[in-house]
Asks: 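My questions all concern the structure below.
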Amino acid sequence: MTTTTGPLATRRLILQGAASVALLGLGNLPFAATPARAAANDKYPEEAFKQKNEADAIKALYGKTAEPSDKVKLDAPEIAENGGVVPVSVTTTLDKVSSISFLVTENPYALAASYKVADGTVPGVANRLKMAKTTKLVAIVEADGKLYSATKEVKVTVGGCGG
Amino acid sequence: MKRSLPLAMLLAFGLATAARAANEADYKAAYATAEAASKEAAGLRNQWTVTVSTLAAAKKAADGGDFDRATAAAREAEALAKASIFQAASEKEAWKAMEIR
Amino acid sequence: MKTRSALLLGSLSAALVAFALTSPRVVAADKVDPVADAKAFQNFFFQKFPDVKHEDFVNGPYSMNADMKRQWQEKEEFPPYEFALDAGKEMFATPFKNGKTYADCFPNGGVGIRQNYPYFDEKEGKVVTLELALNRCREANGEAPYSYVKDEMASLTAYMAFTSRGKPMDIKIPDDPRALAAFENGKRYFYTRRGQMNFSCASCHVQSPGERIRAEVLAPALGILNAMPIYRSEWSGMGTTSRRFVTCNSQTRAVPLEPQSDEYRDVEYFLSYVANGLPISGPGARP
Amino acid sequence: MASSIRVRATSNGDITEVQALIQHPMDTGLVKDPKGELIPAHYIQQLKFECNGKDVFVADWGTAVSKDPYVKFSFKGAKKGDDLKISWTDNKGASDTTTAKIA
């Protein structure tokens, strides 16, 4: 496994340090300080999960805004078979990805899930989310300190007989 | 459309509302006939959920002293019960029409 | 009160319309012929959906809608009924207080036999379903029976179904007039309209499978029980055949019967027999 | 009782694919029970995957993650037989952990 020594790693180190300082409240400084060892218990982004809308959640989580990119492949159903279990996944060809997040704009709290992607982990994740109603689904990928996003609409209807 | 005649009559009877305000006696009579019809529907194993809930609403309204609403609800419950009884009787043969052969 | 009577009017007019709509059909001789019924039943669906592979019918709504099938396949990678399956396997191995286990009650230790249920018990003269047999096994060994609509029963039937996955449904009708009567009674129940909605099982699962009723795509009746018990996202939990029958009834505003009443046992007998040859795919995941 | 975490970790060559299914109600705190009272929020907040002493993947979850949550990802740098340690903690401070061998 490539340990994080060598020039590439130090540049990454600085970047992470910068990113984490910017995140202030998140206090994952230990993450930057000891990347070589297992990342310390990075703090749960409490604040970000409290935000109601998408923009505030992204700001609380990353402290910057994202720009759409077709390098972020978001896969979600057109019509959810059930709003409680919506299979959603994202893959990306971007490299040096450090974080992936999902936001469901119409949910009571926009931020649904956020993943910290370590070095050597394939940048991609599949999970099952809840969606309150027809909504925009936004996937955010943090690569090399910049934020990229992809958006898709998922139709959700409530009730029905259960055929 | 021989079958629709009794249905129409049933409908008319169900919706006829008493002219003057209903009193407890009216309610008791209406509730008794509704309950009998509901028991018959249950006996045919073809009870409707709305019959049960309308009957309960009638009782609740009566307990609250609102005999107008209670009597109307009891009458409606009776009509629903009668409709489910009619449904059970007519389906005895009607189901064959849908059968895949 | 006005809305109630409007509702009543609506339901009665629906009943009238339905009578007019049902196309007159030649009334076949009244001799009960399950073999012919099964063939006609299967051909109806094979012709109505020519490009659905025969064994795919057991996947219910997913055989009718590609987008939903993809969502289902993603769920099947690590299905939500995994926990019920493990619980069922554990329960099957845990002996009763008297030291016996479920394996002692069933042929072949209960493994790989789900496709033969329900069967007609000639001693009792009635249909015996898997859920009934499991509870009878518990009672025979001094244990309290499980509820037919709760998780324990679903876990047990999930495990037994899993051990039969892929095996073709193989329901037998012995040459016994009572068995033919049970089959006919099940068929009648399946086609009989009930509830204020005035629907029969066939109104949804024969006349309009593949179409949507609100958000749900309706499953075809052919093979509809092959995936039982099912984990439904709607219930976010397991559902036995009994639970499915009871909820379907109340959705047409018909008061459900007791689980495992004769009508339910017979309609399960009818639906399983006409699906003979199609593979068992339980436990299933559904919307 | 078996662990609440079901995991499948399969490696082909350098990439290990990990799938996890966790038994947890993931209550949002916004749903009422049949008696009409709010069911308090009870959901997994953090789920960590650790292999060869390094956190390969950390999930921070909100209330919008489905009941009996599922997650799938892949990572490089592990081989068959390595241990993959999975642990979660929820907002009530409950936790569970399990270790799986990479097949």
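Just so it is clear: chains get the letters A, B, ... in the order the sequence lines come, proteins before strands, and each one is counted from 1. The model shown is predicted, which means the values in this text are computed figures rather than measured ones.
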Asks: Report all side-chain donor-acceptor pairs from residues 25-33 of chain D shorter than 3.5 Å, counting only partners two or more places apart or in another chain.
Replies:
residue  : atom : partner  : partner atom : Å
Thr28(D) : OG1  : Leu30(D) : N            : 3.0
Asp33(D) : OD1  : Lys35(D) : N            : 2.9
Asp33(D) : OD1  : Gly36(D) : N            : 2.9
Asp33(D) : OD1  : Glu37(D) : N            : 2.9

Asks: At a 4.5 Å cut-off on heavy atoms, which part of Ile44(D) comes close to chain A: side chain, backbone, both, or neither?
Replies: neither

Asks: Please tell me if the side chains of Asp60(D) and Phe49(A) come closer than 4.5 Å, counting only heavy atoms from C-beta onward.
Replies: yes

Asks: Can you find a heavy atom in the side chain of Thr121(A) that is under 4.5 Å from one in the side chain of Phe73(D)?
Replies: yes

Asks: Is the number of heavy atoms from other residues, nucleotides or ligands under 6.0 Å of Tyr109(A) OH greater than 12?
Replies: no

Asks: Considering only heavy atoms, which portion of Val104(A) lies under 4.5 Å from any heavy atom of chain D: side chain, backbone, both, or neither?
Replies: neither

Asks: Test Val65(D) against Arg128(A) for side chain to side chain contact (heavy atoms under 4.5 Å, CB included), laying out the working first.
Replies: CA-CA 6 Å; Val65(D) 174; Arg128(A) 295 168 187 165; over 6 Å; no

Asks: For Thr65(A), give me all partners under side chain to side chain contact (heavy atoms under 4.5 Å, CB included), at least two apart in sequence or on another chain.
Replies: none

Asks: Short question: side chain of Ser66(D), backbone of Gly84(A) - any donor-acceptor pair under 3.5 Å?
Replies: yes

Asks: Fit a plane to each ring of Trp61(D) and Tyr115(A), take the angle between them on a 0 to 90° scale, and name the class: parallel (under 30°), tilted (30 to 60°) or perpendicular (over 60°).
Replies: perpendicular

Asks: Got a second to check how far Lys130(A)'s NZ is from Thr63(D)'s OG1, nearest 0.5 Å?
Replies: 7.0 Å

Asks: As an exercise, state the distance from OH of Tyr44(A) to CD of Gln45(D), rounded to the nearest 0.5 Å.
Replies: 4.5 Å

Asks: Please answer whether the main-chain N or O of Asp119(A) pairs with a side-chain N or O of Lys54(D) as donor and acceptor at a distance below 3.5 Å.
Replies: yes

Asks: Under a 4.5 Å cutoff for heavy-atom pairs, which residue among Ser114(A), Ala113(A), Pro108(A), Ser101(A) has the most contacts with chain D?
Replies: Ser114(A)

Asks: With a sphere of 6.0 Å drawn around NZ of Lys92(D), does it hold more than 12 non-hydrogen atoms of other residues, nucleotides or ligands?
Replies: yes

Asks: If I measure from the heavy atoms of chain D, does Val86(A) come under 4.5 Å with its side chain, its backbone, both, or neither?
Replies: backbone

